[in-house]
Visitor: 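Please see the structure below; I have some questions.
In what follows, chains carry the letters A, B, and so on, assigned in the order in which the sequence lines appear, proteins first and then strands, with residues in each chain numbered from 1.
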Amino acid sequence: MTELPKQYEHKDAQQRWAKFWDEKGYFQSDPQRGKNAGKKPFTIVIPPPNVTGALHLGHALNDTLQDVLIRYHRMRGFETLWAPGVDHAGIATQAVVERRMFEEEGKTRHDVGRENLVARIWAWKEQYQTRIVNQLKEMGCSCDWRRTRFTLDAVCAKAVRHFFFGLFRDQLIYRGKRLVNWDVHLQTAVSDDEVYHEEVAGNFWYINYPVIDPKPNEPAFVTVATTRPETMLGDTAVAVHPSPKNVFDRFETELNDEIRAASEKEKLELATRLEALQTRRKEMLGSLETFAAMARDGRMVMLPLMNRPIPLICDVWAKPELGTGCVKITPAHDPNDYEVGGRQNLPMINLLNRDGTLNENAGVYAGQKNMKARTMIVADLEKAGLLVKTEDRLIDLAHSDRSKTPIEPFLNDQWFVKMDTLAQSAMDAVTREQIKITPPRYAKSYLDWLGEKRDWPIGRQLWWGHQIPIWYGQNISELELQKAFAGRNDVLWQWDEENNQWWICSQSEDLAGDAVPGHKLVREEDVLDTWFSSALWPHSTLGWPDSTEELAYYYPTSVLITSRDIITLWVARMALAGLFNCGKVPFPQVYIHPKILDKYGEGMSKSKGNGVDPVKVIDKFGADALRFALTYLTTENQDVRLSLDFECPYCQTIVEQTKKNRIQPRVQCPKCKKEFATQWAEKEEDKALASAPVVGERFEVARNFCNKLWNAARFVMMNLSGSVALSQSRNDDLAKNNVKLLLEDKWILSRLATVTQQVAAGIESYHFSEVARTLYDFAWDEFCSFYVEMVKYRLSDPALRPAAERVLTHVLDTLIRLLHPIVPFVTEEIWSRLNEIVPQRGLTSPVNAAESITIAPYPQADTAAIDRNIEDQFGRFQEVLRAVREVRSRQNVPPKTEMRFVVKCDARLAELLKPMTPYFRSMAGAIADDWGENVKIPALSSNVTISGAEIFVDLAGLIDVTAELAKKSKDIQKLEGFIKTKEAKLANEAFVGKAPKDVLNKERDSLTDLQKQLSAAREAFQLLEQQAKSK
RNA sequence: GGGCGAUUAGCUCAGUUGGUUAGAGCGUCUGGUUUACACCCAGAAGGUCACAGGUUCGAACCCUGUAUCGCCCACCA
């Protein structure tokens, strides 16, 4: 065996084992093999990361948890498949590539054309897919890399086509109008996510719309207010609330209620608001009522400048408490007006060209840019005497994140999926518990969102994505279609009444322009929403729609692990798509994990640039440390906050990560003034600099734990090698050898069994933090701090050695298998080295160890070993040990000075502790002189009182009585406090009468015990005082 | 505006159906070259469990309200 370094060297180990695992193909799953072996499958499909950029720690958490489950189940004997892949992320990826192209070459996508742009995005995708896969591999993710899928590859494309075709066949696809966020600069629609709001200085214009043929008692004008006067050209109505009085009444009642309930401080403000409301009511209610009546009467107003009569309508969208109480309705350019238009059957007049200029519907203003038109319109209104007034006002304006230009709401033709039945099926799956969401509170957002059953707009005005498989054909008779597609069931068509054309949907192949002889078919240019293909991920990756072996064996997958922000966009869609395509839910379990936040409490994201590359952490601390830290931090309901900083690669100074420097490709160290590279380094000159690791306390702790584990193993292996006893103890049955287990052996085996149970239960219920904590505490506090320490003494005693060796090896062997799913590399490293020394393992009937821990069996708890009594007994030993150590520390006794002590206790405890005498010597440097009721108390001693025992440490000549008295009186005070509380409790009749028997008895016992401790402590105190005096 | 979550030691967080004296890591302090580990060992100090009520024999935990913070969704002529 090669020499074991004092510190675990992660870099070398990771490289070696990653290669080994890959060559052995342990992570390759085979449905045939699984079936033949009668194994159940355990399957996870990775939430495919976007190819927009590299992974950050948020992904690292997601992937770590998946790998924990995967490795756990693999060891448990499941045929395990973790299917990896990446997502094309339509809008985001195209945006990244377009932006870069513009920055570097000053070109827009219109300059290079569709084909060229798509080629550039593919190149980008290749680059980042490679990087992402490498990141996953560095983390130790045990994916079946042969099955890596991309949402835009041929396999996924086929599934997308079939899904679309199925929806089309079932009449669930339709075409409608929808307002999109239009970026007039880039001439593209952008998603809501890519829109930010910014307050800009603007105006609020009040405009009079003349009433057509007003009756004598009626006003001549309706006044509306707007921040975007140019949209008036597209107005198709003016709305007023149907019953303004009710609205005012309701507001007044509410305000009065609030005032009654409010604090004095708030009352004033609320009263002011009430007054304003009442004033407004007085001034406006009359005219609003009149307008409402006129609206019901079907009256019209004249749209200024356009001279187009438009109706006055009643609609609840008009808020009596806002503006003039009347509102102009521009359905084609305002989301709310669009809805009003829908329910009131108003025409929708689109005013915009795609480049942001006004179109022919804008009359004389056609061809003008928006802002120019605004100025002209305001001037013309003023000229016509219809502009009542202009106010200055801050306007919250939507801007495109990408071009930083204001967004225009733009009415676009759009493909939709009818959600009614689909959404219902996905809701049922959760309410009927075919899908269980953990933690359960997230089921609510899932159900709420689906419950709205809003139709799903699936088209995107992009070039990067699955092009919608629809072709338009005009002037074609149905007979011609039937003839052209005779005998084919993969082509369907539908008549588009509105535009006098056919929609032809093709499932398997792209239709040629002349597929219908004598006619020209034109393909829909838009691509599908990214989520349309992501929705199929659990079954498309398994080969659907083909009836593959994989689909039959692995579907439904076992669990989906993801973050809460895509429960609706992704999880819900997968549920309904899985049900629609396969008739089964895609997964029976969904686990929602916390989010990773940065030091400012903000979620890590690519757009913010605050995402930290896991590789930067791995370089410094190792993959195991990264994984352990993340697992340790994954609790039920708290997001994971990570405070991270750079470490200067030259002088190791910690350089604080700030919002500013964390997105820079290079940063200067404030101490040594040298510049270092960060994860954002891309240019050659930046990459040439030394790269700074990212450091953080949580990772350090985890790294230390890995090292602790390494050293525990190192100790075991150093002692086992060359041992004479080994050959006898390792291969034979423990019982046959008549090897006797001591108290500490039974204790550690009992604890090991309990921990094994807890870990399995924790993993199966997704209590990751608990699992990590349980193992951390067991390994460090129990195995290392106690068992290993105690074994040291036994290893030098040939009689005691065999059992010690046997148990030591067994616990280590079990411990690393328990830990392997979380920290795969260090455990494999230990496993392989242990294999060299102890090829056969097991406490009672040794068997050959697997060649790799990845395929070793996961430990089963030896429940027979669990013994509460033994654990309690051992606990007493620990208490006494702690007491002795405390005295040494308090009395400043040098570590090498031997101490002597006696323990005053009952015979039972004495008998229990006596055999532990050697351990007090080896672990506390103290000799136990006597145990029992009648021990001889040393003349000068330091005393510690614990439950059921008093420890007297002989300190003749050494004792610092003052310190001792101070400590003792503090103890007494504390005990008195506890006793007082407890006495009060037990004097309380209600408690005595109502509390359960066992609680009551426990309280009584505890009081008795405390009282004993107190009197012992008082006695000791007096003794000390005497000693002090006599001295 | 609607929904969800959080508030526990200087910092970051545990605390599993309500039941003795509320825990850990880091940091701080004291003492250590204990032949596995200084990425370590032994010990100590440090908390009115955000606040106010309530339920209960008993509350960090359950209920109501307040304050502060965060997230999601909707909306802002």
Visitor: Rounded to whole angstrom, note down the C1' distance from B:U17 over to B:C13.
Guide: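 Per the computed distance, 23 Å lies between those C1' atoms.
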
Visitor: Looking at B:A14, I'd like to know if its phosphate oxygens (OP1 or OP2) sit under 4.0 Å from a side-chain N or O belonging to A:Thr635.
Guide: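 Yes, because at least one side-chain N or O of A:Thr635 sits under 4.0 Å from OP1 or OP2 of B:A14.
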
Visitor: Between the base of B:A77 and the side chain of A:Lys319, is one N or O donor paired with an acceptor at under 3.5 angstrom?
Guide: no

Visitor: Just checking A:Arg888: base, sugar-phosphate only, or nothing, at a heavy-atom cut-off of under 4.0 Å?
Guide: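 Nothing, no nucleic acid heavy atom in range.
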
Visitor: By nearest atom, which of the nucleotides B:U12, B:G5, B:A36 is closest to the A:Arg714 side chain?
Guide: B:A36

Visitor: State the pairing partner of B:C61; accept Watson-Crick or G-U wobble contacts with both distances under 3.5 Å, and report none otherwise.
Guide: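 Partner of B:C61: none.
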
Visitor: Within the 3.5 Å criterion, strictly below it, is a donor on A:Asp781 or A:Tyr776 matched to an acceptor on the partner's side chain?
Guide: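 The answer is no; no qualifying pair exists.
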
Visitor: Mind checking if A:Cys706 touches a base, just sugar-phosphate, or nothing, with heavy atoms under 4.0 Å?
Guide: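 If one applies the 4.0 Å heavy-atom cut-off, A:Cys706 turns out to touch nothing in the nucleic acid.
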
Visitor: What nucleic acid atoms does A:Leu633 come within less than 4.0 Å of, heavy atoms only: base, sugar-phosphate, or nothing?
Guide: nothing

Visitor: Measure from the side chain of A:Glu697, starting at C-beta and using heavy atoms only, and say which of B:A36, B:C26, B:A14 lies closest.
Guide: B:C26

Visitor: In terms of the nearest nucleotide of RNA chain B, which residue is placed more toward the 5' end: A:Ser1006 or A:Asp777?
Guide: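 Looking at the nearest nucleotide for each, A:Ser1006 comes out on the 5' side.
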
Visitor: Check if the side chain of A:Arg441 and the base of B:C4 share a donor-acceptor pair of N or O atoms closer than 3.5 Å.
Guide: no

Visitor: In whole angstroms, how far is the P atom of B:C11 from the NZ atom of A:Lys599?
Guide: 16 Å

Visitor: Round to the nearest Å and state the distance from A:Leu644 atom CG to B:C11 atom P.
Guide: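 Result: 19 Å.
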
Visitor: Of the listed nucleotides (B:A24, B:A36, B:C39), which one gets closest to any side-chain atom of A:Gln7?
Guide: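 Selected nucleotide: B:C39.
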
Visitor: Looking across every strand, which nucleic acid part, if any, lies under 4.0 Å from A:Val788 by heavy atom: base, sugar-phosphate, or nothing?
Guide: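 Base, at least one base atom sits under 4.0 Å.
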
Visitor: Using a cut-off of strictly less than 4.0 Å, decide whether A:Asn892 has a side-chain nitrogen or oxygen near OP1 or OP2 of B:U30.
Guide: no

Visitor: Any base atoms under 4.0 Å from A:Phe705, or only sugar-phosphate, or nothing? Heavy atoms, all strands.
Guide: nothing

Visitor: Does this structure show an ion pair linking A:Asp565 with A:Lys595, if we count only N-O contacts that are shorter than 4.0 Å?
Guide: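 So A:Asp565 pairs with A:Lys595 through a salt bridge.
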
Visitor: What does B:C13 pair with, Watson-Crick or G-U, if both distances are under 3.5 Å?
Guide: B:G23

Visitor: Side chain of A:Asn707 only, please: which of B:A14, B:C37, B:G43 is the nearest?
Guide: B:C37

Visitor: Determine whether the aromatic ring centres of A:Phe204 and A:Tyr206 lie less than 6.0 Å apart.
Guide: yes

Visitor: CG of A:Asp639 versus P of B:C71: gap in Å, rounded?
Guide: 10 Å

Visitor: Among side-chain atoms of A:Gln344 and A:Asp315, is any donor-acceptor pair under 3.5 angstrom?
Guide: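 The answer is yes; a qualifying pair exists.
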
Visitor: So what does A:Thr227 touch, heavy atoms closer than 4.0 Å: a base, only the sugar-phosphate, or nothing?
Guide: sugar-phosphate

Visitor: Got a sec, which residues hit side-chain hydrogen bond (donor to acceptor under 3.5 Å, both in side chains) with A:Arg641, two or more places apart in sequence or on another chain?
Guide: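 side-chain hydrogen bond (donor to acceptor under 3.5 Å, both in side chains) check on A:Arg641 returns nothing, list empty.
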
Visitor: For the C1' atoms, the ones on B:C57 and on B:A44, what distance do you get once it is rounded to whole angstrom?
Guide: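 Per the computed distance, 37 Å lies between those C1' atoms.
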
Visitor: Considering every strand and a 4.0 Å limit on heavy-atom distances, what is the contact class for A:Ala712: base, sugar-phosphate, or nothing?
Guide: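 Since a base atom lies under 4.0 Å of A:Ala712, the category is base.
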
Visitor: Rounding to a whole Å, what distance do you find between A:Leu569:CG and B:C73:P?
Guide: 8 Å

Visitor: What is the distance from CD of A:Gln757 to C1' of B:U16, rounded to the nearest Å?
Guide: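 Rounding to the nearest Å, CD of A:Gln757 and C1' of B:U16 are 15 Å apart.
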
Visitor: Regarding A:Thr390 and A:Asn203, do their side chains bring together a donor and an acceptor under 3.5 Å, going by distance alone?
Guide: no

Visitor: In the structure shown, which nucleotide is the Watson-Crick or G-U wobble counterpart of B:G1, with both distances under 3.5 Å?
Guide: B:C73

Visitor: Between A:Asn719, A:Leu808, A:Asn711, which is the residue that forms a side chain to side chain contact (heavy atoms under 4.5 Å, CB included) with A:Val788?
Guide: A:Leu808

Visitor: Taking only the C1' atom of each, what is the distance from B:G3 to B:G47 in whole angstrom?
Guide: 33 Å

Visitor: Grab the CD1-P distance between A:Ile567 and B:C73 for me, whole Å please.
Guide: 11 Å

Visitor: Side chain of A:Asn704, heavy atoms from C-beta onward: which of B:G43, B:C39, B:U16 has the nearest atom to it?
Guide: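 The closest nucleotide is B:C39.
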
Visitor: Need the pair for B:A44. Rule: Watson-Crick or G-U wobble, both distances under 3.5 Å, any strand; none if unpaired.
Guide: B:U28

Visitor: Using atom C1' in both nucleotides, what's the gap between B:G25 and B:A9 to the nearest angstrom?
Guide: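 Between the two C1' atoms, the distance is 12 Å.
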
Visitor: Counting heavy atoms from C-beta on, name the nucleotide in B:U12, B:G43, B:A77 closest to the side chain of A:Phe204.
Guide: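 For the A:Phe204 side chain, the nearest candidate turns out to be B:A77.
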
Visitor: May I ask you to verify if any side-chain N or O of A:Lys328 is less than 4.0 angstrom from the OP1 or OP2 atom of B:A77?
Guide: no

Visitor: Below the 4.0 Å mark, does B:C41 have OP1 or OP2 next to a side-chain nitrogen or oxygen of A:Trp780?
Guide: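 For A:Trp780, the contact criterion (side-chain N or O under 4.0 Å from OP1 or OP2 of B:C41) is met.
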
Visitor: Rounded to the Å, how far apart are A:Asp337 CG and B:A77 P?
Guide: 10 Å

Visitor: Heavy atoms only, 4.0 Å cut-off, all strands: where does A:Arg641 land among base, sugar-phosphate and nothing?
Guide: sugar-phosphate

Visitor: Need one value for A:Val327: base, sugar-phosphate or nothing, where a base atom within 4.0 Å counts as base even if backbone is also close, heavy atoms only.
Guide: base

Visitor: Start at the 5' end of RNA chain B and walk down; is the nucleotide closest to A:Ala318 or to A:Lys6 reached first?
Guide: A:Lys6

Visitor: Using a cut-off of 4.0 Å on non-hydrogen atoms, how would the nucleic acid contact of A:Glu789 be classed: base, sugar-phosphate, or nothing?
Guide: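 Here A:Glu789 touches the bases of the nucleic acid.
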
Visitor: Heavy atoms only, 4.0 Å cut-off, all strands: where does A:Arg890 land among base, sugar-phosphate and nothing?
Guide: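 Nothing, no heavy atom under 4.0 Å.
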
Visitor: Could you tell me how far B:G54 sits from B:G10 if I compare only their C1' atoms? Round to whole Å.
Guide: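 Their C1' atoms lie roughly 34 Å apart.
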
Visitor: With both distances under 3.5 Å as the test, what is the Watson-Crick or G-U wobble partner of B:C49?
Guide: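 Here B:C49 is not engaged in any pair, so there is no nucleotide opposite it.
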
Visitor: Between B:U16, B:U12, B:G43, spot the one nearest the side chain of A:Arg885, thanks.
Guide: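 The answer is B:G43.
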
Visitor: Measure the shortest side-chain to side-chain distance between A:Gln758 and A:Phe778 over non-hydrogen atoms and say whether it is less than 4.5 angstrom.
Guide: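 Not touching, per the 4.5 Å side-chain cut-off.
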
Visitor: Is the distance from OP1 or OP2 of B:C41 to the nearest side-chain N or O of A:Lys708 less than 4.0 Å?
Guide: yes

Visitor: Identify the nucleotide, in any strand shown, that forms a Watson-Crick or G-U wobble pair with B:U7, with both distances under 3.5 Å; if there is none, say none.
Guide: B:A67

Visitor: Hey, are A:Arg885 and A:Ser889 close enough side-chain-wise for a donor-acceptor pair under 3.5 Å?
Guide: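 Absent: no donor and acceptor within the cut-off.
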
Visitor: Taking the P atom in each of B:U16 and B:U28, what is the distance between them to the nearest angstrom?
Guide: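 To the nearest whole Å, 31 Å.
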
Visitor: Starting from C1' on B:A36, measure out to CZ on A:Phe715 and report it in whole angstrom.
Guide: 7 Å

